[in-house]
Amino acid sequence: MPELPEVETIVRGLRASLIGERVSGAWIGWPRTVDCPSAPAFLHRLVGRTVMNVTRRGKFVCLGLDEGWLFVHLRMTGRLLLGPGDVHAPWRPYERARLSFGSGLELHFVDVRKFGRLYLVSSRGDVCANLGIEPLDDEFTPEALQRLLTSRRRQLKPLLLDQNVVAGLGNIYVDESLWRAGLHPLRRSDTLTDIECRRLCEATQQVLRTAISDGGTTLRDYRNADNGSGSHGDVLAVYGREGEACRRCGITILRETVGGRGTRYCPKCQPLCPSQETDEGA
DNA sequence: CACAGCTCCTGGCAGC
DNA sequence: TGCTGCCAGGAGCTGT
C-alpha cells in the first residue's frame with residue numbers, strides 16, 4: 001500500500017512532467033472514485049486548468065492548479081501512471097479515471113479495489129485541515145513527538161497510524177519504525193520516556209528517508225509514476241516477516257492484530273513491561 | 001476520550 | 001478441477 005515514501009516517489013515522478021501542463025480532457029470510469037464534488041462537476045471544473053505545482057501532504061498527492069487543487073489518495077491499490085497520449089487507447093484494466101494534457105501526455109488512475117479517491121477543491125484546507133504533523137518536517141522533533149504521545153493515552157501503533165496525529169505513516173512503516181526504536185506496538189503512548197521518544201523520532205525519520213531513497217516499498221500493488229517498482233521491500237525488518245528471524249537478535253518475528261491491523265514485531269527487541277501495558281495502567 | 005466493529009472492494013488463497 | 005468463503009487494509013463512521 002502506498003505510504004509516505006511511495007507517495008513522495010510518485011510526486012517526484014509527476015512533478016518532472018506535469019508542471020505547466022494544461023488539462024485538455026478528463027474521463028471517469030468509476031464515478032465513486034470522485035469524492036467531491038460530483039463527478040460531472042469535477043470534470044467540468046478540471047478541464048482547462050493548468051498544473052502549477054505537484055506536492056505531497058501525508059499520503060495525498062496534491063496538484064496545485066491555477067484555480068483550486070486536485071488531491072489524489074491512493075488508499076490500498078491506487079496507482080498514478082503517466083503515459084504518452086493516445087485518446088483512442090482502450091482503458092487499462094481497473095482504470096478509474098484519466099486526464100489528458102495539452103502536450104499529449106496522459107495520467108491514468110488505476111485502482112483495483114476502488115478505495116482510492118480524487119478531490120477537486122478550492123483551497124488546500126478543504127482536504128488537509130485536520131492532518132497531523134509531517135514526520136520529515138523540521139517541526140517533527142523528539143519534543144514535539146513527546147507532546148503528541150503524552151497528551152493521549154493510546155496504544156502506540158493505532159496512535160501512529162492516526163493521520164490526524166502524524167500524517168503519512170501506514171501499516172508498513174509504523175511496524176518498521178517501532179522495531180527500529182525497540183518499542184512494543186501496544187505500549188501506552190503516555191508512558192514513553194524522553195529517550196524513547198527521541199529513539200522513536202529518529203527511527204521514524206530514518207525508516208522513511210531510507211525508503212524514499214530506495215524508491216519506496218513494492219509488496220504487490222505499488223508502482224511509481226513510470227510504472228516501476230521500489231526496492232525497499234528487500235530490507236524490511238519485520239513487515240511481512242512473521243515466522244522469520246529478527247535481523248537484530250534472531251528471535252522469531254510474531255504477528256498479532258493490534259487496533260484491527262496486522263502487526264509484526266520482535267518480542268525480544270520490542271518488550272512490553274508489565275507496568276506499562278495499555279490495559280493494566282501501572 | 002479510547003477503541004471495537006462495520007463499510008467499502010477485489011484478488012488471492014485456503015479449505016473442501 | 002472448481003467452488004465457496006475468508007482475508008487484507010486506509011479511512012470514515014457508528015456504537016459502547
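Fair warning: this is a prediction, and the values are worked out from it, not measured in the lab. Chain letters run A, B, ... following the sequence lines, proteins first, then strands; residues in each count from 1.
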When you measure from the side chain of Arg264(A) to the backbone N and O of Gly262(A), does any donor-acceptor pair fall under 3.5 Å?
yes
Is a side-chain N or O of Arg57(A) found less than 3.5 angstrom from the main chain of Val127(A), in a donor-acceptor match?
no
Looking only at side-chain N and O atoms, does Tyr94(A) come under 4.0 Å of OP1 or OP2 in dG11(B)?
yes
Round to a whole Å and report the spacing from NZ of Lys114(A) to C1' of dA8(C).
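Rounding to the nearest Å, NZ of Lys114(A) and C1' of dA8(C) are 18 Å apart.
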Length of the CZ-C1' vector between Arg117(A) and dT7(B), whole Å:
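It works out to 11 Å between those atoms.
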Thr150(A): side-chain contact (heavy atoms from CB on, under 4.5 Å) partners, not counting sequence neighbours
Gln146(A)
Are Lys157(A) and Asp175(A) ion-paired here, with the side-chain N under 4.0 Å from a carboxylate O?
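Yes.
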Take Pro158(A) and Arg32(A), find for each the nucleotide of DNA chain B with the closest heavy atom, and name the residue whose nucleotide sits nearer the 5' end.
Pro158(A)
How does protein reach along nucleotides 9-16 of chain C, written 5' to 3' as B (base within reach of a heavy atom under 4.0 Å), S (only sugar-phosphate), or - (no contact)?
BBB-----
Measure from the ring center of Tyr119(A) to the ring center of Phe60(A) and say whether it is less than 6.0 Å.
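Under 6.0 Å, so yes.
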Tell me yes or no: between the side chains of Gln155(A) and Ser189(A), is some donor less than 3.5 Å from an acceptor?
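Result is no, nothing qualifies.
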